[in-house]
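Both ligands and their constituent atoms are indexed starting at 1 by order of listing.
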Amino acid sequence: MQTDELASPVETDALVIGAGPVGLYLVFQLGLQGIRAHVLDTLRHAGGQPVELYGDKPIYDIPGLPACTGQELADRLLQQVAPFQPAFHFGQLVAAIERLADNWFVVSTDKGLTFRTRSVFIAAGVGAFLPKKLALAELAPFEDTQVLYHPPEALDVTGQHIVIAGGDQAALEWAIQLAERPAARAARSITLLHRRDVLQVDEHTLARWHELLREGLVSFVVGQIKGVLQSDGPHRTMTGLHISHPDGTESNCVADRLVVLQGISPKLGPLSNWGLAMSRKQLTVDTSTFATSQPGIFAIGDIVHYPGKKKLLACGFHEGVLAAFGAAEFLHPERTGPLEYTSSSQRLQQLLGVSGPA
Ligand SMILES: Cc1cc2nc3c(=O)[nH]c(=O)nc-3n(C[C@H](O)[C@H](O)[C@H](O)COP(=O)(O)OP(=O)(O)OC[C@H]3O[C@@H](n4cnc5c(N)ncnc54)[C@H](O)[C@@H]3O)c2cc1C
(Lines give C-alpha, C1' and ligand atoms only; values in the text may rest on other atoms or scores of the structure.)
Protein backbone atom coordinates (compact mmCIF):
# COMPACT_ATOMS: atom_id res chain seq x y z
CA MET A 1 0.00 0.00 0.00
CA GLN A 2 3.01 2.27 0.35
CA THR A 3 3.33 4.58 -2.64
CA ASP A 4 6.20 6.95 -2.01
CA GLU A 5 7.39 7.61 -5.52
CA LEU A 6 4.55 9.62 -6.99
CA ALA A 7 4.48 12.26 -9.62
CA SER A 8 3.38 15.38 -7.70
CA PRO A 9 0.78 16.77 -7.38
CA VAL A 10 -1.54 13.87 -6.61
CA GLU A 11 -5.26 14.61 -6.98
CA THR A 12 -7.64 13.09 -4.45
CA ASP A 13 -11.02 13.59 -2.75
CA ALA A 14 -9.65 13.07 0.75
CA LEU A 15 -6.28 13.46 2.41
CA VAL A 16 -5.73 12.25 5.97
CA ILE A 17 -2.88 13.65 8.07
CA GLY A 18 -1.90 10.99 10.60
CA ALA A 19 -1.94 7.19 10.33
CA GLY A 20 -2.58 6.74 14.05
CA PRO A 21 -5.51 4.58 15.23
CA VAL A 22 -8.06 7.36 14.79
CA GLY A 23 -6.81 8.28 11.30
CA LEU A 24 -6.94 4.59 10.28
CA TYR A 25 -10.49 4.12 11.52
CA LEU A 26 -11.56 7.34 9.79
CA VAL A 27 -10.16 5.95 6.52
CA PHE A 28 -12.33 2.86 7.02
CA GLN A 29 -15.40 5.04 7.63
CA LEU A 30 -14.57 7.17 4.57
CA GLY A 31 -14.37 3.93 2.60
CA LEU A 32 -17.91 3.03 3.69
CA GLN A 33 -18.95 6.44 2.33
CA GLY A 34 -17.31 5.56 -1.01
CA ILE A 35 -14.42 7.96 -0.46
CA ARG A 36 -10.86 6.70 -1.00
CA ALA A 37 -8.13 8.46 0.95
CA HIS A 38 -4.44 9.22 0.78
CA VAL A 39 -2.81 9.04 4.23
CA LEU A 40 0.38 10.78 5.36
CA ASP A 41 2.52 10.22 8.45
CA THR A 42 6.01 11.22 9.56
CA LEU A 43 6.53 7.71 10.92
CA ARG A 44 7.63 4.80 8.71
CA HIS A 45 4.58 2.79 9.71
CA ALA A 46 0.97 3.12 10.80
CA GLY A 47 -0.26 3.04 14.39
CA GLY A 48 0.62 6.38 16.04
CA GLN A 49 0.89 6.40 19.85
CA PRO A 50 -0.26 2.82 20.48
CA VAL A 51 2.60 1.47 18.35
CA GLU A 52 5.25 4.04 19.26
CA LEU A 53 4.56 4.41 22.98
CA TYR A 54 2.94 1.15 24.12
CA GLY A 55 3.25 -1.33 21.25
CA ASP A 56 3.70 -4.39 23.48
CA LYS A 57 1.40 -3.30 26.32
CA PRO A 58 -2.23 -4.43 26.62
CA ILE A 59 -5.20 -2.09 26.10
CA TYR A 60 -8.36 -3.17 27.90
CA ASP A 61 -11.00 -0.63 26.83
CA ILE A 62 -11.55 -1.16 23.10
CA PRO A 63 -15.22 -2.09 22.55
CA GLY A 64 -15.57 -5.82 21.95
CA LEU A 65 -11.83 -6.50 22.35
CA PRO A 66 -11.21 -7.43 25.98
CA ALA A 67 -7.42 -7.09 25.55
CA CYS A 68 -5.02 -6.32 22.73
CA THR A 69 -1.58 -4.70 22.50
CA GLY A 70 -0.98 -1.36 20.79
CA GLN A 71 0.68 -3.15 17.86
CA GLU A 72 -2.18 -5.64 17.57
CA LEU A 73 -4.70 -2.79 17.48
CA ALA A 74 -2.82 -1.15 14.61
CA ASP A 75 -2.57 -4.47 12.75
CA ARG A 76 -6.32 -5.06 13.12
CA LEU A 77 -7.17 -1.52 11.96
CA LEU A 78 -4.94 -1.99 8.91
CA GLN A 79 -6.64 -5.30 8.15
CA GLN A 80 -10.07 -3.67 8.51
CA VAL A 81 -9.23 -0.78 6.18
CA ALA A 82 -7.50 -2.94 3.53
CA PRO A 83 -10.62 -3.39 1.29
CA PHE A 84 -10.61 0.36 0.64
CA GLN A 85 -6.97 0.37 -0.51
CA PRO A 86 -5.85 3.66 1.00
CA ALA A 87 -2.58 5.06 -0.35
CA PHE A 88 -0.11 5.45 2.51
CA HIS A 89 2.80 7.85 2.33
CA PHE A 90 5.15 7.33 5.26
CA GLY A 91 8.12 9.43 6.33
CA GLN A 92 6.28 12.58 5.22
CA LEU A 93 5.73 15.60 7.47
CA VAL A 94 2.80 17.69 6.28
CA ALA A 95 4.25 21.16 6.23
CA ALA A 96 1.59 23.35 4.61
CA ILE A 97 -2.07 23.49 3.64
CA GLU A 98 -3.21 26.18 1.25
CA ARG A 99 -6.78 26.84 0.05
CA LEU A 100 -7.07 27.58 -3.67
CA ALA A 101 -9.56 29.92 -5.33
CA ASP A 102 -11.63 26.89 -6.48
CA ASN A 103 -11.85 25.71 -2.82
CA TRP A 104 -9.56 22.73 -3.39
CA PHE A 105 -6.55 22.48 -1.07
CA VAL A 106 -2.89 22.08 -1.87
CA VAL A 107 -1.14 20.06 0.83
CA SER A 108 2.64 19.76 0.73
CA THR A 109 5.18 17.78 2.70
CA ASP A 110 8.75 18.37 3.83
CA LYS A 111 9.94 15.78 1.27
CA GLY A 112 8.35 17.62 -1.66
CA LEU A 113 5.16 15.58 -2.17
CA THR A 114 2.18 17.74 -3.18
CA PHE A 115 -1.50 16.83 -3.16
CA ARG A 116 -4.51 18.58 -4.63
CA THR A 117 -7.44 17.53 -2.50
CA ARG A 118 -11.08 18.47 -1.97
CA SER A 119 -11.01 17.71 1.75
CA VAL A 120 -8.41 17.41 4.49
CA PHE A 121 -8.68 15.37 7.72
CA ILE A 122 -6.32 16.22 10.55
CA ALA A 123 -5.83 13.18 12.79
CA ALA A 124 -2.48 14.43 14.07
CA GLY A 125 -2.79 13.21 17.67
CA VAL A 126 -0.27 14.77 20.01
CA GLY A 127 1.75 15.96 17.03
CA ALA A 128 4.09 14.58 14.42
CA PHE A 129 6.40 11.88 15.73
CA LEU A 130 9.87 13.05 14.78
CA PRO A 131 13.29 11.61 15.65
CA LYS A 132 15.10 13.31 18.55
CA LYS A 133 17.98 15.16 16.95
CA LEU A 134 21.51 15.74 18.22
CA ALA A 135 21.95 19.35 19.33
CA LEU A 136 25.15 20.01 17.37
CA ALA A 137 24.98 22.55 14.52
CA GLU A 138 28.13 21.10 12.89
CA LEU A 139 26.15 17.96 11.97
CA ALA A 140 23.47 19.83 10.01
CA PRO A 141 25.32 20.12 6.65
CA PHE A 142 25.67 16.32 6.54
CA GLU A 143 22.06 15.50 7.40
CA ASP A 144 20.37 13.03 5.02
CA THR A 145 23.70 12.18 3.36
CA GLN A 146 26.09 11.09 6.12
CA VAL A 147 23.99 11.83 9.22
CA LEU A 148 20.79 9.78 9.14
CA TYR A 149 17.80 10.03 11.48
CA HIS A 150 15.58 7.78 9.33
CA PRO A 151 18.01 5.15 8.01
CA PRO A 152 16.49 3.01 5.27
CA GLU A 153 16.51 -0.69 6.21
CA ALA A 154 18.65 -1.59 3.22
CA LEU A 155 21.22 1.18 3.82
CA ASP A 156 24.38 0.39 1.88
CA VAL A 157 27.24 0.35 4.41
CA THR A 158 29.71 -1.74 2.42
CA GLY A 159 33.28 -0.93 3.46
CA GLN A 160 32.18 2.03 5.56
CA HIS A 161 32.86 3.08 9.16
CA ILE A 162 29.42 3.33 10.79
CA VAL A 163 28.67 5.01 14.11
CA ILE A 164 25.24 4.45 15.68
CA ALA A 165 24.21 6.96 18.35
CA GLY A 166 21.71 5.56 20.86
CA GLY A 167 21.35 3.00 23.61
CA ASP A 168 17.87 1.54 23.31
CA GLN A 169 16.30 -1.40 21.50
CA ALA A 170 16.13 0.32 18.11
CA ALA A 171 19.82 1.36 18.17
CA LEU A 172 21.04 -2.07 19.28
CA GLU A 173 18.87 -3.91 16.76
CA TRP A 174 20.29 -1.71 14.03
CA ALA A 175 23.88 -2.36 15.10
CA ILE A 176 23.20 -6.10 15.30
CA GLN A 177 21.58 -6.36 11.86
CA LEU A 178 24.54 -4.47 10.36
CA ALA A 179 27.00 -6.78 12.09
CA GLU A 180 25.14 -9.84 10.79
CA ARG A 181 25.29 -8.82 7.14
CA PRO A 182 27.21 -11.13 4.78
CA ALA A 183 30.88 -10.25 4.16
CA ALA A 184 30.14 -8.86 0.67
CA ARG A 185 27.86 -6.19 2.17
CA ALA A 186 29.62 -5.73 5.51
CA ALA A 187 30.61 -2.42 7.09
CA ARG A 188 34.31 -1.83 7.83
CA SER A 189 33.53 -0.98 11.45
CA ILE A 190 30.39 -0.65 13.57
CA THR A 191 30.54 1.51 16.69
CA LEU A 192 27.71 2.07 19.12
CA LEU A 193 27.99 5.45 20.84
CA HIS A 194 25.90 6.15 23.93
CA ARG A 195 26.23 8.75 26.68
CA ARG A 196 25.94 6.10 29.44
CA ASP A 197 27.24 2.56 29.77
CA VAL A 198 23.69 1.28 30.49
CA LEU A 199 21.76 -0.07 27.50
CA GLN A 200 17.95 -0.23 27.60
CA VAL A 201 17.25 -3.44 25.70
CA ASP A 202 15.67 -6.83 26.24
CA GLU A 203 17.79 -9.75 27.51
CA HIS A 204 17.95 -11.56 24.17
CA THR A 205 19.25 -8.46 22.34
CA LEU A 206 21.77 -7.74 25.09
CA ALA A 207 23.08 -11.31 24.97
CA ARG A 208 23.54 -11.13 21.17
CA TRP A 209 25.25 -7.72 21.53
CA HIS A 210 27.76 -9.12 24.04
CA GLU A 211 28.51 -12.02 21.68
CA LEU A 212 29.25 -9.61 18.84
CA LEU A 213 31.45 -7.51 21.15
CA ARG A 214 33.42 -10.60 22.16
CA GLU A 215 33.84 -11.55 18.49
CA GLY A 216 35.17 -8.04 17.78
CA LEU A 217 32.45 -7.38 15.16
CA VAL A 218 31.18 -4.26 16.97
CA SER A 219 32.57 -1.80 19.50
CA PHE A 220 30.98 0.30 22.20
CA VAL A 221 32.03 3.85 23.09
CA VAL A 222 30.56 5.76 26.04
CA GLY A 223 30.51 9.47 25.34
CA GLN A 224 28.93 12.40 23.53
CA ILE A 225 29.69 14.00 20.18
CA LYS A 226 31.38 17.37 20.61
CA GLY A 227 32.52 18.06 17.05
CA VAL A 228 32.74 16.83 13.47
CA LEU A 229 35.99 16.01 11.66
CA GLN A 230 35.76 17.07 8.01
CA SER A 231 37.73 16.64 4.80
CA ASP A 232 39.44 19.66 3.24
CA GLY A 233 38.37 21.16 -0.06
CA PRO A 234 35.17 22.71 -1.43
CA HIS A 235 33.05 19.51 -1.18
CA ARG A 236 33.39 18.77 2.48
CA THR A 237 32.54 15.36 3.82
CA MET A 238 32.35 14.14 7.39
CA THR A 239 35.33 11.88 8.14
CA GLY A 240 34.92 11.38 11.87
CA LEU A 241 33.56 12.55 15.19
CA HIS A 242 35.19 14.24 18.17
CA ILE A 243 33.89 12.62 21.34
CA SER A 244 34.05 13.56 25.03
CA HIS A 245 33.87 10.75 27.59
CA PRO A 246 32.34 10.74 31.10
CA ASP A 247 35.84 10.57 32.72
CA GLY A 248 36.73 13.94 31.14
CA THR A 249 38.95 12.51 28.37
CA GLU A 250 38.34 13.15 24.66
CA SER A 251 38.99 11.11 21.53
CA ASN A 252 38.33 10.96 17.79
CA CYS A 253 36.40 8.22 16.03
CA VAL A 254 36.39 7.55 12.26
CA ALA A 255 32.88 7.82 10.77
CA ASP A 256 31.65 7.70 7.18
CA ARG A 257 28.04 7.54 8.38
CA LEU A 258 26.36 8.50 11.66
CA VAL A 259 23.01 6.81 12.26
CA VAL A 260 21.11 8.55 15.08
CA LEU A 261 18.51 6.41 16.86
CA GLN A 262 17.72 8.24 20.07
CA GLY A 263 13.97 7.72 20.06
CA ILE A 264 11.20 9.95 18.81
CA SER A 265 9.09 12.70 20.33
CA PRO A 266 5.84 14.33 19.16
CA LYS A 267 5.98 17.91 17.89
CA LEU A 268 2.92 19.99 17.10
CA GLY A 269 5.06 21.54 14.37
CA PRO A 270 3.57 23.36 11.41
CA LEU A 271 -0.05 22.61 12.30
CA SER A 272 -0.34 25.77 14.40
CA ASN A 273 0.37 27.86 11.26
CA TRP A 274 -2.51 26.52 9.18
CA GLY A 275 -4.90 29.32 10.13
CA LEU A 276 -7.37 27.07 11.97
CA ALA A 277 -9.16 28.08 15.16
CA MET A 278 -7.44 26.55 18.18
CA SER A 279 -7.95 26.33 21.91
CA ARG A 280 -5.32 25.06 24.36
CA LYS A 281 -3.05 24.18 21.39
CA GLN A 282 -5.78 21.94 19.97
CA LEU A 283 -8.16 22.40 17.08
CA THR A 284 -11.70 23.49 17.85
CA VAL A 285 -14.39 21.58 15.97
CA ASP A 286 -18.12 21.40 15.36
CA THR A 287 -18.95 18.16 17.18
CA SER A 288 -21.73 17.20 14.76
CA THR A 289 -19.37 16.85 11.79
CA PHE A 290 -15.88 17.46 13.25
CA ALA A 291 -15.43 20.30 10.78
CA THR A 292 -12.78 22.84 11.79
CA SER A 293 -13.15 26.58 11.34
CA GLN A 294 -12.30 26.11 7.62
CA PRO A 295 -14.92 24.40 5.42
CA GLY A 296 -13.46 21.22 3.94
CA ILE A 297 -10.95 20.67 6.76
CA PHE A 298 -12.01 18.18 9.44
CA ALA A 299 -10.16 17.19 12.62
CA ILE A 300 -10.50 14.23 14.98
CA GLY A 301 -8.66 12.36 17.74
CA ASP A 302 -6.24 13.71 20.32
CA ILE A 303 -5.62 16.86 18.27
CA VAL A 304 -9.11 18.29 18.87
CA HIS A 305 -10.68 20.07 21.80
CA TYR A 306 -14.37 20.47 22.62
CA PRO A 307 -16.28 20.49 25.90
CA GLY A 308 -16.10 17.03 27.41
CA LYS A 309 -13.38 15.77 25.04
CA LYS A 310 -11.53 12.70 26.36
CA LYS A 311 -8.27 11.58 24.79
CA LEU A 312 -9.36 7.97 24.45
CA LEU A 313 -9.36 5.63 21.49
CA ALA A 314 -13.10 4.96 21.66
CA CYS A 315 -13.82 8.72 21.57
CA GLY A 316 -11.52 9.17 18.57
CA PHE A 317 -13.25 6.34 16.70
CA HIS A 318 -16.66 7.95 17.30
CA GLU A 319 -15.27 11.26 15.99
CA GLY A 320 -14.07 9.43 12.86
CA VAL A 321 -17.58 8.14 12.15
CA LEU A 322 -19.13 11.60 12.37
CA ALA A 323 -16.31 13.21 10.36
CA ALA A 324 -16.81 10.67 7.56
CA PHE A 325 -20.55 11.41 7.46
CA GLY A 326 -19.76 15.14 7.56
CA ALA A 327 -17.29 14.75 4.71
CA ALA A 328 -19.73 12.70 2.61
CA GLU A 329 -22.31 15.44 2.95
CA PHE A 330 -19.66 18.06 2.07
CA LEU A 331 -18.21 16.18 -0.92
CA HIS A 332 -21.28 14.42 -2.31
CA PRO A 333 -24.50 16.05 -0.99
CA GLU A 334 -26.39 14.42 -3.88
CA ARG A 335 -25.61 10.93 -2.56
CA THR A 336 -27.05 11.43 0.95
CA GLY A 337 -29.51 8.67 1.81
CA PRO A 338 -30.83 6.76 4.81
CA LEU A 339 -28.42 5.26 7.34
CA GLU A 340 -27.17 1.83 6.28
CA TYR A 341 -25.74 -0.97 8.44
CA THR A 342 -22.77 -3.13 7.46
CA SER A 343 -24.64 -6.11 8.92
CA SER A 344 -27.51 -5.78 6.44
CA SER A 345 -26.62 -3.42 3.56
CA GLN A 346 -25.57 -5.31 0.42
CA ARG A 347 -24.14 -2.08 -0.94
CA LEU A 348 -21.79 -1.67 2.03
CA GLN A 349 -20.93 -5.37 1.96
CA GLN A 350 -20.01 -5.04 -1.70
CA LEU A 351 -17.76 -2.12 -0.86
CA LEU A 352 -16.14 -4.28 1.81
CA GLY A 353 -15.80 -7.16 -0.62
CA VAL A 354 -17.68 -9.55 1.67
CA SER A 355 -20.64 -10.41 -0.57
CA GLY A 356 -21.39 -10.90 -4.24
CA PRO A 357 -23.29 -8.42 -6.44
CA ALA A 358 -26.83 -7.62 -5.30
C1 LIG B 1 1.14 5.43 27.33
C2 LIG B 1 -0.25 5.61 26.77
C3 LIG B 1 -1.21 4.63 26.99
C4 LIG B 1 -2.52 4.82 26.50
N5 LIG B 1 -3.44 3.85 26.76
C6 LIG B 1 -4.71 4.00 26.29
C7 LIG B 1 -5.73 3.02 26.59
O8 LIG B 1 -5.48 2.04 27.28
N9 LIG B 1 -6.99 3.25 26.09
C10 LIG B 1 -7.31 4.36 25.35
O11 LIG B 1 -8.46 4.49 24.91
N12 LIG B 1 -6.36 5.29 25.05
C13 LIG B 1 -5.08 5.14 25.51
N14 LIG B 1 -4.14 6.10 25.24
C15 LIG B 1 -4.52 7.26 24.41
C16 LIG B 1 -4.51 6.88 22.91
O17 LIG B 1 -3.27 6.31 22.56
C18 LIG B 1 -4.78 8.13 22.06
O19 LIG B 1 -6.04 8.66 22.42
C20 LIG B 1 -4.76 7.77 20.57
O21 LIG B 1 -3.50 7.27 20.17
C22 LIG B 1 -5.10 8.99 19.72
O23 LIG B 1 -5.05 8.58 18.38
P24 LIG B 1 -4.78 9.63 17.20
O25 LIG B 1 -4.84 8.82 15.95
O26 LIG B 1 -5.67 10.79 17.40
O27 LIG B 1 -3.31 10.18 17.46
P28 LIG B 1 -1.88 9.48 17.47
O29 LIG B 1 -1.95 8.10 17.97
O30 LIG B 1 -0.99 10.44 18.21
O31 LIG B 1 -1.44 9.45 15.93
C32 LIG B 1 -1.25 10.64 15.23
C33 LIG B 1 -0.32 10.40 14.06
O34 LIG B 1 -0.26 11.60 13.28
C35 LIG B 1 1.07 11.81 12.82
N36 LIG B 1 1.25 13.25 12.54
C37 LIG B 1 1.01 14.29 13.36
N38 LIG B 1 1.26 15.47 12.75
C39 LIG B 1 1.68 15.15 11.49
C40 LIG B 1 2.09 15.93 10.38
N41 LIG B 1 2.14 17.27 10.41
N42 LIG B 1 2.47 15.27 9.26
C43 LIG B 1 2.44 13.92 9.20
N44 LIG B 1 2.05 13.12 10.23
C45 LIG B 1 1.68 13.75 11.35
C46 LIG B 1 1.93 11.33 13.99
O47 LIG B 1 3.25 10.99 13.56
C48 LIG B 1 1.13 10.11 14.49
O49 LIG B 1 1.55 8.89 13.91
C50 LIG B 1 -2.85 5.97 25.74
C51 LIG B 1 -1.86 6.93 25.48
C52 LIG B 1 -0.58 6.77 26.00
C53 LIG B 1 0.46 7.83 25.74
Which ligand 1 atoms does [X] reach within 4.0 Å, using its non-hydrogen atoms?
{"X": "Leu43", "answer": "49 (O)"}
{"X": "Asp302", "answer": "18 (C), 19 (O), 20 (C), 22 (C), 26 (O)"}
{"X": "Gly301", "answer": "26 (O)"}
{"X": "Ile59", "answer": "7 (C), 8 (O), 9 (N)"}
{"X": "Leu93", "answer": "40 (C), 41 (N), 42 (N)"}
{"X": "Gln92", "answer": "42 (N), 43 (C)"}
{"X": "Val126", "answer": "30 (O)"}
{"X": "Gly18", "answer": "33 (C), 34 (O), 35 (C)"}

Top protein contact for [atom], by heavy-atom distance:
{"atom": "atom 15 (C) of ligand 1", "value": "Lys311 O, 3.8 Å"}
{"atom": "atom 31 (O) of ligand 1", "value": "Gly20 CA, 3.5 Å"}
{"atom": "atom 27 (O) of ligand 1", "value": "Gly125 CA, 3.1 Å"}
{"atom": "atom 29 (O) of ligand 1", "value": "Gln49 N, 2.9 Å"}
{"atom": "atom 17 (O) of ligand 1", "value": "Tyr54 OH, 2.5 Å"}
{"atom": "atom 39 (C) of ligand 1", "value": "Ala128 CB, 3.5 Å"}
{"atom": "atom 25 (O) of ligand 1", "value": "Val22 N, 3.1 Å"}
{"atom": "atom 11 (O) of ligand 1", "value": "Leu313 N, 2.8 Å"}

Legend entry - Residues, nucleotides or ligands: over 12 heavy atoms within 6.0 Å of Glu143 CD: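 More than 12 within 6.0 Å, yes.
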
Inset, instruction - Kindly check if the number of other-residue, nucleotide or ligand heavy atoms within 6.0 Å of NZ (Lys281) is above 12? - result: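 Atom NZ in Lys281 is not packed in, count stays at 12 or less.
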
Heavy-atom distances under 4.0 Å are what count here, so tell me which part of [X] touches ligand 1: side chain, backbone, both or neither.
{"X": "Asp61", "answer": "side chain"}
{"X": "Ile17", "answer": "side chain"}
{"X": "Ala123", "answer": "backbone"}
{"X": "Leu53", "answer": "side chain"}

Legend entry - Whether Gly316 lies under 4.0 Å from ligand 1, heavy atom: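 Judged by the 4.0 Å heavy-atom criterion, Gly316 does not count as contacting ligand 1.
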
Are [X] and [Y] packed together at the side-chain level, in the sense that at least one heavy-atom pair is separated by less than 4.5 angstrom?
{"X": "Arg208", "Y": "Glu180", "answer": "yes"}
{"X": "Trp274", "Y": "Ile17", "answer": "yes"}
{"X": "Ile190", "Y": "Leu212", "answer": "no"}

Is there a path of hydrophobic side-chain contacts, each under 4.5 Å between heavy atoms of I, L, V, M, F, W or Y residues, that connects [X] with [Y]?
{"X": "Leu40", "Y": "Leu93", "result": "no"}
{"X": "Tyr25", "Y": "Val81", "result": "yes"}
{"X": "Leu351", "Y": "Leu331", "result": "yes"}

Legend entry - No-hydrogen, no-angle side-chain donor-acceptor test under 3.5 Å, Gln79 and Asp75: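 Side-chain D/A pair, Gln79 to Asp75: absent.
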
Inset, instruction - Ignoring hydrogens and angles, tell me if any N or O in the side chain of Thr12 forms a donor-acceptor pair with the backbone of Leu15 under 3.5 Å. - result: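 Absent.
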
Inset, instruction - Using atom types as modelled and distance alone, determine if a side-chain donor or acceptor of Gln349 lies under 3.5 Å from a backbone N or O of Ser343. - result: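 Between the backbone of Ser343 and the side chain of Gln349 there is a qualifying donor-acceptor contact (under 3.5 Å).
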
Inset, instruction - Check the pair Tyr306 / Phe290 against ring-ring contact (aromatic ring centres under 6.0 Å, His included), numbers first and verdict last. - result: CA-CA 10 Å; Tyr306 55 84; Phe290 286 85; 5.6 Å; yes

Inset, instruction - Can you see which heavy atom on Gln160 is nearest to which on Asp256, and at what distance? - result: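 Shortest heavy-atom contact: CA-OD2, 3.3 Å.
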
